[in-house]
Amino acid sequence: MPRLLLISILQSLLLCGGQVLLKFALQRMGTFSWTADFFVRNLTNWWFLGCGVCYGCATTLWLYILKTFPFSMAYPMISLSYVFGMLAAIVFFHEQVPMVRWVGVLLIMAGCVLIAK
């Protein structure tokens, strides 16, 4: 089902985007403290807001996926977010990804394509 694959890609991109924005927000958080200033500063952090928007949209798409497609096909599609997470680690956080992880990502992608057919 190509439609499931396309919707799952969008849902996974939103999910990964939320994780990237959450990481940015946490990097800017500073030292944790139980003060009002700490909580106000972090609740007005735009990175957290963007994270919430991405998660909200991803959840809405996930609800649609669960309602529309068989669970046995829908649930494995979440693994697409691992692929986008690896790419985000390289692009946004400048991490080195060894070849063995890329092999794992390729296996995940192949599995998602097989499940969507």
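From a predicted model like this one, the values you see are computed outputs, not experimental measurements.
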Single-linkage hydrophobic cluster [X]~[Y], side-chain heavy atoms < 4.5 angstrom:
X: L4; Y: L15; result: no
X: I7; Y: L80; result: yes
X: L13; Y: V20; result: no
X: Y75; Y: L10; result: yes
X: F69; Y: I78; result: yes

Does some side-chain heavy atom of [Y] sit less than 4.5 Å from a side-chain heavy atom of [X]?
X: M77; Y: L5; value: yes
X: F71; Y: L66; value: yes
X: C54; Y: L21; value: yes
X: M29; Y: N45; value: no
X: E95; Y: I90; value: no
X: L26; Y: F48; value: yes

In chain order, what residues pass the salt bridge (Lys or Arg N to Asp or Glu O under 4.0 Å) check against R41, with sequence neighbours excluded?
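Checked R41 against salt bridge (Lys or Arg N to Asp or Glu O under 4.0 Å); matches are D37.
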Taking all heavy atoms of [X] and all of [Y], pick out the closest pair and write down the distance.
X: T35; Y: F39; answer: O-CD1, 3.1 Å
X: C16; Y: A88; answer: SG-CB, 3.9 Å
X: Q96; Y: R101; answer: O-NH1, 4.0 Å

Apply side-chain contact (heavy atoms from CB on, under 4.5 Å) to the pair T59 and Q11, showing each step before the final yes or no.
CA-CA 8 Å; T59 300; Q11 191 267 346; over 6 Å; no
Check this for me: [X], atom [atom1], are more than 12 non-hydrogen atoms of other residues, nucleotides or ligands nearer than 6.0 Å?
X: Y82; atom1: OH; answer: no
X: W102; atom1: CH2; answer: yes
X: Q27; atom1: CD; answer: yes

Is it true that a side-chain atom of S79 and a backbone atom of P76 form a donor plus acceptor pair closer than 3.5 Å?
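Checked: pair present.
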What I want to check is whether the side chains of Y55 and Q19 have a donor and an acceptor closer together than 3.5 Å.
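Short answer, yes.
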Supply the atom-to-atom distance W46 CH2 to R28 CZ, rounded to the nearest 0.5 angstrom.
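CZ of R28 is found 15.0 Å from CH2 of W46.
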Other than L63, which residues form its hydrophobic cluster under the rule that side-chain heavy atoms must be closer than 4.5 Å?
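Answer for L63: none, a lone residue.
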Full working for ring pair (Phe, Tyr, Trp, His ring centres under 6.0 Å) between F93 and F24
CA-CA 9 Å; F93 305 112; F24 284 147; 5.2 Å; yes
Report the residues that fulfil side chain to side chain contact (heavy atoms under 4.5 Å, CB included) with V83, sequence neighbours left out, ordered by chain and then residue number.
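For V83 the side chain to side chain contact (heavy atoms under 4.5 Å, CB included) partners, ignoring immediate neighbours, are V105, I108, M109.
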